[in-house]
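What follows is a set of notes on a single structure, which appears directly below.
For reference, positions follow the sequence shown, starting with 1.
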Amino acid sequence: MQFLHFVKKAIKATIPPVFFLSLTGFFLWNTMDGAHGLKSYYVQQKLLVEAQQAQQDAISEQQAWARRVVGLKEGRLDKDLLDERTRVMLSFSQENEIVIPYKANDHLY
């Protein structure tokens, strides 16, 4: 009888600390590995930097296209440059022109 009483007393004495230690462990685990933990925060920060870089790339590409479109307006179009570019792209030449071949990696533009 006395042994049973000792076991009950030991169980009652160990249950609260075990419960609170496991609760503390649960919160510590979630702090590091949970859905909103430190590792997840690091991944989100990395994705944010990548998204900001992609946004800057898109803005610069948009500005480049805007410059090209402005260059195509009627008042700004250089007919000699257009003719030269057309001949280069279509590989056309006239009889009185001198053709200088370029290597495969050498580009005019």
Who passes side-chain contact (heavy atoms from CB on, under 4.5 Å) against [X], sequence neighbours left out?
| X | answer |
| --- | --- |
| S60 | none |
| L47 | V43, Q44, E50 |
| Q52 | L48 |
| R68 | W65 |

Flag, side chain of T31 to backbone of G37, donor-acceptor distance under 3.5 Å
no
Salt bridge (Lys or Arg N to Asp or Glu O under 4.0 Å): which pairs involve residues 52-64, sequence neighbours left out?
none
Of all pairs that satisfy salt bridge (Lys or Arg N to Asp or Glu O under 4.0 Å), the ones with a partner from residues 23-34, not counting sequence neighbours:
D33-K39
Atom CD in Q62, atom CD in Q55: separation rounded to 0.5 Å?
10.5 Å
Using the test side chain to side chain donor-acceptor pair (under 3.5 Å), find all partners of N30 that sit at least two apart in sequence or belong to another chain.
none
How close do S40 and A35 get, heavy atom to heavy atom, and via which atoms?
OG-O, 2.9 Å
Using a 4.5 Å side-chain heavy-atom cut-off and chaining through intermediate ILVMFWY residues, the residues clustered with M89 come out as none
Donor-acceptor contacts, no H, no angles, side chain residues 5-19, under 3.5 Å, sequence neighbours left out:
{"from": "T14", "atom 1": "OG1", "to": "A10", "atom 2": "O", "distance (Å)": "3.1"}
{"from": "T14", "atom 1": "OG1", "to": "I11", "atom 2": "O", "distance (Å)": "3.2"}

